[in-house]
Amino acid sequence: MSGDHSHIEGQSHKHKDKYKEKEHKHKDHKKDKEREKSKHGNSDHKDSSDKKHRDKEKEKLKHKDGSTDKYKDKHKEKRKEEKPHVKSELEDNSYYSPKLEKSLKRERDDNDSEFKPKKIKTENDKKAKKRKPDEVIKPTKTKNKKGEVADGKKKAKKEPEEKWKWEEERYTDGVKWKFLEHKGPVFAPPYEPLPSNVKFYYDKHMKLSPEAEEVATFFAKMLDHEYTTKEIFRKNFFKDWRKEMTAEEKAKITDLKKCNFTEMNEYFKAQSEARKAMSKEQKQKIKEDNERILQEYGFCIMDNHRERIANFRIEPPGLFRGRGDHPKMGMLKRRIRPQDIIINCSDSKHPEPPPGTRWKEVRHDNKVTWLVSWTENIQGSIKYIMLNPSSRIKGEKDWQKYETARRLKKCVDRIRAQYREDWKSKEMRIRQRAVALYFIDKLALRAGNEKEEGETADTVGCCSLRVEHIKLYPENDGQEYVVEFDFLGKDSIRYYNKVPVEKRVFKNLQLFMENKEPDDDLFDRLNTSVLNKHLQELMDGLTAKVFRTYNASITLQQQLKELTSDENIPAKILSYNRANRAVAILCNHQRAPPKTFEKSMQNLQTKIDAKRDQLSDAKRELKSAKADAKIRRDEKSKAVETKKKAVQRIEEQLMKLEVQATDREENKQIALGTSKLNYLDPRISVACKKWGIPVEKIYNKTQREKFAWAIDMADDDYEF
DNA sequence: ACCCTGACTTGTTTCCAGTGGA
DNA sequence: TCCACTGGAAACAAGTCAGGGT
């Protein structure tokens with residue numbers, strides 16, 4: 001499986017080289033340079049224009065845009081100053097992050113007194129006031145088993161309705177729901193210490209304290225994983241692990257290299273074997289238990305409907321697995337407790353925290369869609385529990401997204417003409433904006449927000465491209481003005497592409513790159529907020545990502561028109577998949593070739609070979625039958641007919657297999673799912689029924705649930 | 001004007017259970 | 001009946017973007 005770096009249509013490289021080695025010097029280097037820049041108080045472009053005047057226009061440019069210092073640099077400088085982690089006196093232990101610190105502080109400040117839910121100012125608030133000015137949600141002890149919930153304002157006590165009526169804009173004024181009731185999250189099961197005979201080894205066998213042991217098991221479970229060999233991972237893990245150790249353990253265990261987790265690792269392997277080997281009844285029981293939990297916690301009532309919750313289980317503790325070259329991989333992801341949790345629901349009734357605990361907060365914010373949130377300790381960002389894609393709240397939003405893309409369709413010509421015009425602008429920032437937009441449109445690049453250096457893997461999108469990420473070839477492989485892109489995008493997936501561009505774009509790129517270091521920003525006068533502000537002016541609701549949606553959907557529609565033949569259904573589905581694949585390639589949706597890929601390919605190949613043999617056998621038989629018939633002067637020999645049929649049948653089967661093989665091979669490194677789920681207007685697919693392709697052949701059950709809105713609107717002659 | 005962060009979408013990988021062929 | 005394979009779901013990381021505070 002290793003070593004296969006084949007390309008897909010000249011575009012995407014794969015997996016192995018996905019996590020490109022990056023020099024870490026990068027950051028410090030950059031920092032220095034920025035300091036220098038700001039010291040001199042002038043930008044690259046002023047400097048550069050003093051050099052040779054290759055381009056007349058440049059002269060004008062420099063004056064026009066001298067106005068601003070670079071935003072980007074400013075941020076960076078600022079951020080760096082703030083960065084130093086001031087350790088809070090209350091947080092001696094490991095779980096430290098700046099954001100967390102803030103929220104901890106808040107917690108400390110305002111809830112020592114009494115558990116009192118916070119009220120926030122929303123529309124809801126006004127309503128609440130009308131009802132009962134100072135209603136405090138008291139931890140209701142009411143174990144409402146059966147319908148004794150029938151107190152006054154319980155509008156949702158009527159049986160939940162069956163189906164939603166799809167409306168693009170249901171509530172005005174940002175209200176997302178009017179009634180919301182749920183059971184709260186399901187917490188990760190508490191840690192169960194290992195049996196006493198399973199020990200950790202360091203010079204000698206030793207039993208760890210439960211706290212240290214738990215963290216050790218996280219590592220032990222991953223022993224087979226490549227992560228555990230990476231230096232950063234090991235370093236971060238060890239640092240966080242030591243924080244959980246007792247003083248003696250800390251004194252003793254000082255070197256991760258000397259740690260031996262194999263015994264623990266084997267114990268877990270045995271456990272999973274045992275789980276596999278369980279009897280049918282046991283498995284059945286587990287399944288039923290899960291179903292019970294799902295039924296109890298996996299649903300909520302929103303505006304009279306019972307809706308499925310997407311992730312009602314709190315993420316269990318473990319070691320953080322960042323993607324790509326992540327500086328924080330291996331850090332301990334801490335266990336979430338009830339006092340970390342914010343509950344969001346209607347003000348009438350809220351879920352109970354587990355006995356002996358309390359929620360961090362209960363609020364009633366109907367302008368947001370989440371039911372539960374907590375702050376995670378690695379990046380200090382907020383995690384949410386939200387509804388399933390099949391829910392109304394997600395469906396309507398999805399629908400809206402495609403409607404925006406369709407509006408773009410109406411004015412895309414105008415916008416394209418506009419940015420082409422802007423390539424000639426006198427202002428550098430406008431040229432940069434126009435070229436970036438061209439990339440976003442033509443290549444479906446992501447916007448490319450700035451990221452916190454050192455906090456996340458070094459990845460880029462359009463606006464954050466650096467000089468080192470592109471190469472210019474005035475001439476390449478017989479094509480003029482070729483740009484070679486090579487960078488790591490979202491999830492550290494490599495984007496590699498060579499595209500011919502228009503001359504003006506090419507010249508502009510040369511201009512942007514002049515006098516810059518490889519790690520300078522290509523578009524130093526541009527960031528996503530500037531770009532999006534501009535787009536907003538061009539069309540209401542237009543942002544960079546709308547182009548991805550638009551181009552994906554329009555590509556599907558076009559490809560379908562070209563490809564769909566009047567053949568049988570399997571052939572049509574293949575056509576659909578081809579169209580889907582074209583989109584996935586456009587969006588650079590890659591996947592690691594499945595571990596079993598080679599093998600399954602081989603299996604298919606042996607099948608094909610067998611079919612071939614069978615075919616030649618059949619042909620031979622046909623031949624001899626023919627000869628035989630000739631001798632016997634039997635014009636309409638039955639034998640010949642049947643043999644002929646057999647040959648035909650086998651040929652067909654062979655073809656089918658070969659098609660399957662190509663389909664699979666073409667799909668080796670391409671993931672269709674992402675585009676299917678997020679970029680392709682489902683109504684285009686639903687409308688395929690006009691060619692006799694039933695929706696069931698395109699979408700599985702969950703997908704049909706997610707796209708219920710689209711199926712509902714079902715319209716044969718739907719045009720994106 | 002800038003910057004931060006909350007909310008929500010998009011993305012890949014991992015896990016698991018069901019399926020169909022030997 | 002077993003077992004290898006596969007597709008789908010779950011998990012959760014990593015984006016985008018808007019709005020509000022400074």
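A sub-4.0 Å separation between OP1 or OP2 of dT10(B) and a side-chain N or O of H589(A) is absent. Between K451(A) and dA14(C) there is no side-chain polar atom (N or O) within less than 4.0 angstrom of OP1 or OP2. Look at T674(A) and you'll find a side-chain N or O under 4.0 angstrom from OP1 or OP2 of dT12(B). Note on T369(A): a side-chain N or O is less than 4.0 Å away from OP1 or OP2 of dC8(B). Side-chain nitrogen and oxygen atoms of R494(A) include none within less than 4.0 Å of the OP1 or OP2 phosphate oxygen of dT12(B). The side chain of N700(A) contributes an N or O atom lying less than 4.0 Å from OP1 or OP2 of dG8(C). When the side-chain nitrogen and oxygen atoms of K287(A) are compared with OP1 and OP2 of dC16(B), none of them lie within a distance under 4.0 Å. Under 4.0 angstrom from either OP1 or OP2 of dA7(B) there lies no side-chain N or O belonging to K383(A). Contact annotation: H225(A) does not reach the phosphate of dT13(B) (side-chain N/O to OP1 or OP2, under 4.0 Å). The shortest distance between the side-chain N/O atoms of K701(A) and the OP1/OP2 oxygens of dG8(C) is not below 4.0 Å. Distances shown here put a side-chain N or O of R308(A) below 4.0 Å from the OP1 or OP2 atom of dA10(C). Look at K176(A) and you'll find a side-chain N or O under 4.0 angstrom from OP1 or OP2 of dC8(B).
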Give every pair of a protein N or O atom and an N or O atom of nucleotides 16-18 of chain C that lie under 3.5 Å apart, one pair per line with the distance.
from, atom 1, to, atom 2, distance (Å)
dT16(C), OP1, A447(A), N, 3.2
dT16(C), OP1, G448(A), N, 2.7
dT16(C), OP2, N449(A), N, 3.0
dT16(C), OP2, N449(A), ND2, 3.0
dC17(C), OP1, T543(A), OG1, 2.7
dC17(C), OP1, A544(A), N, 3.3
dC17(C), OP1, K545(A), N, 2.8
dC17(C), OP2, N532(A), ND2, 3.1

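Residues satisfying the salt bridge (Lys or Arg N to Asp or Glu O under 4.0 Å) criterion with D224(A), sequence neighbours excluded, are K269(A). For the side chain to side chain donor-acceptor pair (under 3.5 Å) test, no residue two or more places apart in sequence or in another chain qualifies with R313(A). Remark: N700(A) engages T702(A), Q703(A) in a side-chain contact (heavy atoms from CB on, under 4.5 Å) (not counting sequence neighbours). Remark: N577(A) pairs with no residue by the side chain to side chain donor-acceptor pair (under 3.5 Å) rule, at least two apart or across chains.
With hydrogens and angles left out, the side chain of K397(A) and the base of dT9(B) share no donor-acceptor pair within 3.5 Å.
A side-chain N or O of N588(A) and one of Q590(A) form a donor-acceptor pair less than 3.5 Å apart. Residues Y227(A) and R321(A) have side chains that never bring a donor and an acceptor to within less than 3.5 angstrom of each other.
Nearer the 5' end of DNA chain B, as judged by each residue's closest nucleotide, is the contact made by S373(A), out of S373(A) and Y679(A).
Among the heavy atoms of the strands, none lies under 4.0 Å from P389(A). Here F320(A) lies in heavy-atom contact (under 4.0 Å) with sugar-phosphate atoms only. Across all strands, R275(A) comes closer than 4.0 Å to no nucleic acid atom at all (heavy-atom distances).
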Distance-only check: which donor-acceptor pairs under 3.5 Å involve side-chain atoms of residues 534-541 of chain A, not counting sequence neighbours?
from, atom 1, to, atom 2, distance (Å)
H534(A), ND1, R433(A), NH1, 3.4
H534(A), ND1, R433(A), NH2, 3.3
Q536(A), OE1, G541(A), N, 2.8

